[in-house]
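What follows is one structure encoded as structure tokens, with my remarks underneath.
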Amino acid sequence: MELKILENIEIAQNTFSLKIDNPNLFDALAGQFFMVRINGFNYPLLRRPFSIADFNENYIEIIYRVVGEGTKILTKKKAGEFIDILGPLGNGFSDIGTGKKIFLVGGGIGVAPLIYLKNVIESQYRLPYKAYFGFNFKEEIYVDFGEIATMDGSVGFNGNVVDLVEKELDENSIVFACGPTLMLKRLAYVCYDKNCKMQVSLESRMACGIGVCLGCVVETQDGYKKVCDNGPVFDYREIVWQAL
Ligand code: FES
């Protein structure tokens, strides 16, 4: 589907917010993603997956970090141009209203889908929540709520976001998490320890996004599953973390 770009601006170091006109043809769950075709040429050949940072009747927002040729090309797109997107895809976060204590825990570009989840919690569920986000340094931060941890100590807690949130978690907690695999793995071990619930949105290199190429499989207790099709959101107890 070709949709009009409303805005494509840098909001933090190497981090862009892309707002696309929402024609109101579909709805999207927090945690779902879109496959975006970067351009009409042969290179980069494939679509890239981007999680939804906000979604309302006016626009769809994607927040992306510039990590390679494809995303560099994306930064050149201007308001008024059209972009080809496929989605929303994947399963999204669920059971949002079931936890006694809701936590959003994100790292780096993985914070983006938790911004949309926060908006959903506030507008649809009206439940209290706490948010903890980790970045490498101040210039990377693109979120304006939650407690911040930075690896260089330039803002907030000095160190890893998992160390920041760990003491808050207990068996009444439900955690919604997204971020680098190592961060999620550490958080999974903490959650096992504290016996809390957690849903993780896994980041994966996706070529097709629709369950065809098998490029995104992850090992689970139930065999290999496709991140794009069976996920990207999984119960953390499903994932074989030792394999990651
Ligand atoms: Fe192709 Fe998941 S990205 S099967």
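One-based numbering, in listed order, for ligands and for the atoms of each. All heavy atoms count here, side chains included; hydrogens, waters and symmetry mates do not.
Residue Ser204 does not touch ligand 1, judged by heavy-atom distances below 4.0 Å.
Shown in contact with Leu214 at under 4.0 Å from a heavy atom are these atoms of ligand 1, numbered in order with element: 1 (Fe), 4 (S). Taking every non-hydrogen atom of Cys213 and a distance limit under 4.0 Å, the qualifying atoms of ligand 1 come out as 1 (Fe), 3 (S), 4 (S). The Cys216 neighbourhood of ligand 1 comprises atoms 2 (Fe), 3 (S), 4 (S), with distances under 4.0 Å to a heavy atom of that residue. The distance from ligand 1 to the heavy atoms of Ala207 drops below 4.0 Å at these ligand atoms: 3 (S). Per-residue contacts place Val212 under 4.0 angstrom from the following atoms of ligand 1 (heavy atoms of the residue considered): 4 (S). For ligand 1, the atoms closer than 4.0 angstrom to any heavy atom of Cys228 are 2 (Fe), 3 (S), 4 (S). Residue Gly211 has at least one heavy-atom neighbour below 4.0 Å for each of these atoms of ligand 1: 4 (S).
Taking the ring centroids of Phe145 and Phe133, they lie under the 6.0 Å cut-off. For Phe157 and Tyr132, the gap between ring centers reaches or exceeds 6.0 Å.
In this structure, Tyr64 and Leu18 approach most closely via the heavy-atom pair CE2-CB, 3.9 Å.
The nearest N, O or S atom of Cys208 is closer to atom 1 (Fe) of ligand 1 than 2.8 Å.
Under the 3.5 Å distance criterion, with hydrogens and angles disregarded, a donor-acceptor pair is assigned to the side chains of Ser17 and Glu61. If you check the side chains of Asn58 and Asn22, you find no donor sitting under 3.5 Å from an acceptor.
Within the set Gly209, Gly90, Gly215, the minimum heavy-atom distance to atom 3 (S) of ligand 1 is found for Gly209.
Between Lys101 and Asp170 there is a salt bridge, with a side-chain nitrogen of the basic residue lying less than 4.0 Å from a carboxylate oxygen of the acidic one.
Figure legend: Lys130 and Phe103 shown without cation-pi pairing, the cationic atom not lying both under 6.0 angstrom from the six-membered ring centre and within 45 degrees of its axis.
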